[in-house]
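Notes for the one structure printed next.
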Amino acid sequence: MSLQHYLADCHEQLGDKNRRAMLMTHVVCGYPSFEDNWQALEVMQEFGVELVELQFPFSEPSADGPLFVKANQSAIDAGVHVADCFAFMRKVSNHFSFKVIMMGYYNTVFKTGSDSFLKQLKEAGGEAFILPDLPVDEAGELHSAAAQYGLDPILLMTPTNTDERLQQLANAARGFIYTVARKGVTGSSTDMNQDLAEFIKRCRQHTDLPLAVGFGVSKKSDIDFIGEHADIAVIGTAALQAWEQGGAVKLREFFTQLTQS
Amino acid sequence: MSLQHYLADCHEQLGDKNRRAMLMTHVVCGYPSFEDNWQALEVMQEFGVELVELQFPFSEPSADGPLFVKANQSAIDAGVHVADCFAFMRKVSNHFSFKVIMMGYYNTVFKTGSDSFLKQLKEAGGEAFILPDLPVDEAGELHSAAAQYGLDPILLMTPTNTDERLQQLANAARGFIYTVARKGVTGSSTDMNQDLAEFIKRCRQHTDLPLAVGFGVSKKSDIDFIGEHADIAVIGTAALQAWEQGGAVKLREFFTQLTQS
Amino acid sequence: MDLFDFENGREGYYGEYGGTFLPEILHTTIEQLKTEFRKAKQDPAFWQEFVSLMQSYSGRPTPVSPLPNLSAKLGGAQIYIKREDLNHTGSHKINNVMGQGLLVKRMGKSRVIAETGAGQHGYATATMAARFGFESKIYMGAVDVARQRPNVFWMENMGSEVVPVTDGQQTLKDAINECLRDWVTNMDNTHYVLGTACGPHPFPEMVSWFQSIIGHEAREQILTAAGKLPDRIYACVGGGSNAIGIFQGFMEDTEVELIGCEAGGFGPGQGNHAARLAYKDASVGVAQGMKTYFLQNDDGNMLETHSVAAGLDYIGVNPILVNLWEKNRVRFEAVTDQEVTEALKLSMRLEGVIPALESAHGFAQAIKEATQMQPNEVILINMSGRGDKDIFTIADALDDQHWKQFISEKAAGYRGGES
Amino acid sequence: MDLFDFENGREGYYGEYGGTFLPEILHTTIEQLKTEFRKAKQDPAFWQEFVSLMQSYSGRPTPVSPLPNLSAKLGGAQIYIKREDLNHTGSHKINNVMGQGLLVKRMGKSRVIAETGAGQHGYATATMAARFGFESKIYMGAVDVARQRPNVFWMENMGSEVVPVTDGQQTLKDAINECLRDWVTNMDNTHYVLGTACGPHPFPEMVSWFQSIIGHEAREQILTAAGKLPDRIYACVGGGSNAIGIFQGFMEDTEVELIGCEAGGFGPGQGNHAARLAYKDASVGVAQGMKTYFLQNDDGNMLETHSVAAGLDYIGVNPILVNLWEKNRVRFEAVTDQEVTEALKLSMRLEGVIPALESAHGFAQAIKEATQMQPNEVILINMSGRGDKDIFTIADALDDQHWKQFISEKAAGYRGGES
Ligand SMILES: Cc1ncc(COP(=O)(O)O)c(C=O)c1O
Ligand SMILES: Cc1ncc(COP(=O)(O)O)c(C=O)c1O
């Protein structure tokens, strides 16, 4: 089943009752440790997240905010390699019911070799990949190869894009689209407002794919907003912050407030 | 009696028996104190020096070596003024039998005003002045004025001078001539050798005035050498060094070795 | 050979290298920059404005000086140096920065950001910002802030905010990441003044263009001074801007050998140096906005690098130079810290010139090769900057005891409350 | 007006000032110098050699830069600066030094000595000595050695011996005395490279001649840049070499007002400053080889002086300038330390230029006067040197806490054995 169909199914099952948006969460592979990751994923599973990004740590995470930068760096310092990330992904995709997406920077793919990387990703049970520093103009070959493996490239749409560009992105996108709620890097909170709603509407005009909204999602009201205007809420930094504050307990608290009805 | 006649008389009295050269010694006014100066002069008197230079301390004693530089500086720091030097000179010239010569830098004269300076010098019983930084070319007016007061400008002849220049110096010189035994500043010892003898001979060709030899005179053999080739041995740094080592006692020892027969 | 005709149809690519690898949110910004840059490049009045600004403000043309004593001592080729050290702010970095300043004015932006490693580029940017009246923020690895405090002092006094970057290795590459983070947030009013011929297109082309002023001047000057073209030209390569700057004057002169001199640090071996091409420790990757050779491990994560010269201590390299290297148009060599220190001493003693530690890499390689050349051959070295602002680093490199004592006494004075 | 025709028949005199007041032992040496200098001055090839050396080695001509932001902010005259800071070694001192170097070569001497206060002249002399292959010794007041260690570091590294002078006030004047002492000993093979337009004739004339390159360039440049002659020219006056250097370009232009800016230090009052003419604390005297105004007491002994700028902290002044002052051709003003610091801050912030503390005296006086001038009037300031080598002094003057912390950490690092 394709990612897009999976999400359509999820959406249908969800109905309108419990919560308004599907959820995509994020862990940085090996930070603080793979054991921590696993426990965090168990909590996420409890709360029924539909998608999880596993970030492959990179030494130059220039699109990330301070918390993820530190997480990337710590994981590398702790000796986390690409092979470890794939091994972990395989365990995760075998065990959990949510779908797993690789997130990282293009050099990880490039250096591993596109084909080798995609093959391993497929074998590890990944569904898609998000590479924020690989613009669509540079991604042609990778996307074709991915298609052969049935892997979806997740593209980002941003408030600064022209309509023309949004259309170009839509044409290349598969699975779903990651709409960036604001300028800046991951981390600080976003004001979910009319501007954002209009930006999402602009995106919607170019694609039928589900729309995820990311960057700074941290509150119940954010989820409600995204449920109303888009499809998937991306929860990144806020969850890691909770984990750092108190592991599974705090993370559970965080998801409880986020998903309470 | 003019300085030149005084020296001729002294020379005659000396004969050839006790020592070969007349002596000119040096004190820096007010260093270490006027009392020390006085005691030093008493010792010098004991040993029958014919001439004494009283150096008026100057802040920029660029022709002096380290010991005199320090002495000049200390005297100024201790508050020695030009007026104090004249007052001291008057006392000295009243009390002692040697003749007194002002030594210093031209700015002391210039700043006091030439006429005022010469007048005070005369009144203080000075016979002459030595201003090592006032070249003969710049000294015309001062020398004329000095002549009116019966004061002698003591000029320096140096080994670097041409014959022409030596003649020019000889023409302007009065009293005696200070021949500089070597390049450099006061202080370190001089090798009294054939070169020096020849230089003195060159000077002699230009003048009948008594010739003093200065810069680094410190040993009996120097005095002998000077006695043989010139007229007056100038004892500067070496005597001050003795004084600094042990006051009147050491100074007396110094002169004893210098003048023993 | 026009380096920038992109005849293969891939704008911003030099052979396999270059490109624009940036977050989508910067797409519009970078397109706008490309457009403005293209317009400026096609407008002869713009270049004229640039040249006359550099003349009146920075003292261009900088001269080419012969080094007769060094040449005589080595007994080989006649050595000349192009004097980028005589620029205002003391290095070639000002060429690029003033050029970008003019572009910023055209784009109507009011704020600039810049990364800096050695501090020279930050210093130049702070200067430019003061002169153009821009708000400015300089990102600098915390390690570099510590080793280049004098530059920080001047940047701050010229009104720039200097932000120490504590991520990663806390050096140049991390400062670049931090600039990108600022830029994705503030692109509306902010231009990122990249300091070397690296990063996403159009930066390599743009920086190269502004720095080509070095090569154009130098060609004419060396012809006058030496009566012939140089046989070899040496330039240190950090990001590669001063090298491509001087090389561009001689691209058509195929008989002129071009030599890029990288930071050999302690010598070969991962982590010991910052030589991307001369040693065998780097491989092709994509980071910091571009595809080029990087000092990276098998996972594509960047290695630690080392050089006595902060300005050469960088993981990546100018993609244009990589292409020229593959085409055998530019030879790459690495010079160790120790060779650099020796070259520095020689040039101070024999010629009274103090190259920056970066530039001294070019001197060192030239010195090695000059002895094997003939007295009728000519060497030109790009003296990209002056060393006197590196006093702390150079004093440490020379292990100068007087200096250490002076610093200790100064510190004691501060503790005692005097200033 | 030819300053050097000595029509009154007294060679080396400017009105009542100047002359040659040296120990007899130097008579022959100074005569020989006068002769060689006279020959050189009458030989157009010599000046040509000088100019081309300065072009290829020091980057001359240095530009004239407009300061549009400062001018706009002050709302008065249009301000321009002559960029002597862009010279090799960072100040105008190199002009004089390279010129004397050429003379030394002509005289066949092999050793040079020099005094230095701010360190700039010593630095330039060490550079020249390295370049010409002369042995060299630099005398520097011990107080100045302590406050200008970076310059000492470079001098030593260029092969000069730096001798701290512990006599007197341990500053510039004492270093001059010490040079004279060395010279009376070693005149056979040694030339004394005096650093400013002071001392015995022919030094004031000689130094002025070499420095006149500033004024000759500047006149042409300001005409091009501003379209007219400047209404006023400001130059700081230590010994007076940069001032007489720029003024000489405009001697015939009687409509151009020339303003010498002295070190006002803490303000008027003996011992508080180094203003010989602008304040009333100096009088005529004879010292350091010349007759001129000195800061001295009634006994003719020199006073303590003070300035934030070591290079202006001097008891005497160029006799040529004194004569021009008496003739009302040059106006003298004094600028206090505090005004200087403010001017420095303004020029850094608004224009990205860092004048040496010495040069900042000219800036400060111009800033004071510009506001009362009309926008169609033009000011030219001689920026005699760059401030970045004064970092220790400037950081202290600005009481920079980061800097103090940096120095303390650096010192702690040295104590800990790291370097
Ligand atoms: C003086 C100097 N030279 C060279 C470099 C290296 O940069 P690039 O290779 O871009 O010229 C730097 C960088 O800071 C520098 O300051
Ligand atoms: C930069 C600079 N300007 C000015 C001066 C003052 O000297 P002068 O008056 O001879 O130009 C100095 C002296 O060291 C200096 O270094």
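Just so it is clear, the model here is predicted, and its values are computed rather than measured. Chain identifiers are assigned alphabetically (A, B, ...) following the order of the sequence lines, protein sequences preceding nucleic acid strands; residue numbering begins at 1 within each chain.
Ranked by heavy-atom pairs under 4.5 Å with chain D, the first of T127(C), I391(C), I394(C) is I391(C). Of the residues considered (H402(D), Q55(D), Q405(D)), H402(D) shows the highest number of contacts with chain C, using heavy-atom pairs under 4.5 Å. When N157(D), I81(D), T89(D) are compared by the number of non-hydrogen pairs under 4.5 Å with chain C, N157(D) comes out ahead. For the set M128(D), Q221(D), R386(D), the entry with the most heavy-atom pairs within less than 4.5 Å of chain C is R386(D).
Residue Y80(C): no heavy atom, backbone or side chain, is found under 4.5 Å from chain D. When heavy atoms are compared at a cutoff of 4.5 Å, S160(D) does not approach chain C at all. Using a 4.5 Å cut-off between heavy atoms, P66(C) touches chain D through backbone and side chain atoms alike. Contacts between A146(C) and chain D at a heavy-atom distance below 4.5 Å involve the backbone alone (N, CA, C, O). For N69(D), the part lying under 4.5 angstrom from a heavy atom of chain C is the side chain only.
Close approach to chain D, defined as a heavy atom under 4.5 Å from one of its heavy atoms, is seen in M348(C), R349(C), L350(C), E351(C), G352(C), V353(C), I354(C) of residues 342-355 of chain C, taken by number.
Nearest heavy-atom pair, Y57(C) versus R83(D), reported as atom, atom and distance to 0.1 Å: O-NH1, 2.8 Å. Pairing each heavy atom of N87(C) with each of L86(D), the nearest pair is C-CD2, 3.9 Å. Shortest non-hydrogen contact noted between L67(C) and R131(D) is CD2-NH1, 3.7 Å.
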Going through the checks in order, is the side chain to side chain contact (heavy atoms under 4.5 Å, CB included) test met by F406(D) and V152(C)?
CA-CA 11 Å; F406(D) 163 66; V152(C) 175; over 6 Å; no
Kindly determine whether F392(D) and I407(C) satisfy side chain to side chain contact (heavy atoms under 4.5 Å, CB included), including the steps that lead there.
CA-CA 10 Å; F392(D) 286 90; I407(C) 293 298; 3.9 Å; yes
Quick one: do D396(C) and Y414(D) satisfy side chain to side chain contact (heavy atoms under 4.5 Å, CB included)? Show the steps, please.
CA-CA 10 Å; D396(C) 286 349; Y414(D) 289 147; 2.6 Å; yes
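The main-chain N or O of S56(C) is found under 3.5 Å from a side-chain atom of S65(D) such that the two form a donor-acceptor pair. Under a 3.5 Å cut-off, the side chain of S408(C) and the backbone N or O of A411(D) do not form any donor-acceptor pair.
Listed by chain and residue number, F132(D) satisfy the ring pair (Phe, Tyr, Trp, His ring centres under 6.0 Å) test with F134(D) (two or more places apart in sequence, or in another chain).
In this structure, D400(D) does not pair ionically with R149(C), as no charged nitrogen and carboxylate oxygen lie closer than 4.0 Å.
A 6.0 Å sphere centred on CD of E156(C) holds more than 12 heavy atoms belonging to other residues, nucleotides or ligands.
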